[in-house]
Amino acid sequence: QISKDSIWPEKNKKITRCIVVSAYTDCEWIDGMVDYVEENRNKKSIEFRFYLDFFASKISVLKEIQERLIEINSRIRRIDPNGGIFLIKKFQLFHSKIIITQTEKLCKVVVGSINFTQKAFEKNEEIALVDDFNNPKNYPHYTWQIEHYIEKLNAIARNVSEIEESE
C-alpha cells in the first residue's frame with residue numbers, strides 16, 4: 001500500500017513543479033492534488049500539469065466529467081497559467097503512471113502500476129517506485145527518459161478546455 005503522503009516532498013518545502021501522467025484517475029484525486037499544490041507551492045514560479053488519457057477520462061461520454069475537468073483545469077491555470085489538464089488521444093493503450101514533484105532542492109519521482117485514484121490509494125494493492133533526489137545534478141539516469149517522454153506528450157496533448165463537445 002502506497003500512501004498519498006509518500007508522493008510529496010517534505011512539508012513546508014515549496015513545490016516548483018508537479019507533473020502527473022496517468023491513464024486512469026478521478027476528479028476527487030485530482031482535486032486533492034490541486035489542493036496540496038495550491039497550499040504548498042512556490043508563489044513565484046511553478047509548473048503544474050496533468051496528462052490524462054482522453055478515452056479513459058470519459059470526457060467524451062460524460063458531460064459531468066467534462067464540466068468537472070474544465071473546472072479543475074481553471075483552478076490549475078490560476079496556479080500556473082501555462083499548466084492544466086492535458087488529454088492524450090492515442091488509439092493505442094496509454095497506460096503510463098508517473099508523478100514528479102520538485103522543490104528547489106528536492107525531486108521526488110513516482111513510477112509504478114498504481115492508478116492515481118482515491119480507490120487505488122485507499123483500497124487497492126499497488127506497487128510504485130518512489131525515489132527522492134536532493135541534488136538535481138545527481139538525478140539517476142532514468143530521469144532523462146521520463147523528461148523526454150513528457151516532452152513527447154507535450155507535442156500531442158490538448159488542454160481540456162480546447163476539447164469540443166462533438167469529440
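Atoms considered below: every heavy atom in the structure, side chains included; atoms not considered: hydrogens, waters and symmetry mates.
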Under the side-chain contact (heavy atoms from CB on, under 4.5 Å) rule, collect the residues that match up with N154, sequence neighbours excluded.
R49, Y51, I150
Can you see which heavy atom on I100 is nearest to which on C107, and at what distance?
CG2-SG, 4.0 Å
Parallel under 30°, tilted from 30 to 60°, perpendicular over 60°: which one fits the rings of W29 and F50?
perpendicular
Do other residues, nucleotides or ligands put more than 12 heavy atoms under 6.0 Å from K43 NZ?
yes
Distance from K108 atom NZ to Q102 atom CD, nearest 0.5 Å?
13.0 Å
Separation of R41 CZ from C18 SG (nearest 0.5 Å)
12.5 Å
Test side chain to side chain donor-acceptor pair (under 3.5 Å) applied to E67 - qualifying residues, sequence neighbours left out
none
What residues, two or more places apart in sequence or in another chain, satisfy side chain to side chain donor-acceptor pair (under 3.5 Å) together with S74?
none
Holding to salt bridge (Lys or Arg N to Asp or Glu O under 4.0 Å), I want the full list of residues that pass it with E47, two or more places apart in sequence or in another chain.
R17
Using modelled atom types and a 3.5 Å cut-off, is there a donor and acceptor pairing between side-chain atoms of K97 and backbone atoms of S113?
yes
With sequence neighbours excluded, residues passing side-chain contact (heavy atoms from CB on, under 4.5 Å) with S45:
none
Hey, does I30 have a side-chain heavy atom less than 4.5 Å from the side chain of L52?
yes
If you measure from CD1 on I15 to CZ on F48, what distance do you get to the nearest 0.5 Å?
8.0 Å
To the nearest 0.5 Å, atom CG of L69 lies from atom CD1 of I85 at 5.0 Å
What residues form a side-chain contact (heavy atoms from CB on, under 4.5 Å) with T117, not counting sequence neighbours?
D26, N115, K119, A120
With rounding to the nearest 0.5 Å, note down the distance linking OH in Y24 to CD1 in I114.
15.0 Å
Any non-hydrogen side-chain atom of I146 less than 4.5 Å from a side-chain atom of V111?
yes
V34 versus I79: any side-chain heavy-atom pair under 4.5 Å?
yes
Between I98 and I19, is there a side-chain heavy-atom distance shorter than 4.5 Å?
no
Minimal heavy-atom distance between S161 and I70, with the atoms involved, is CA-CG1, 4.5 Å
Answer whether the closest heavy-atom distance between the side chains of R77 and N73 falls below 4.5 Å.
yes
Taking side-chain contact (heavy atoms from CB on, under 4.5 Å) as the definition, give me every residue that meets it alongside S96, ordered by chain and number, with sequence neighbours left out.
V21, F94, Y149
Interatomic spacing from CZ in R158 to CD1 in I88 - rounded to 0.5 Å
11.0 Å
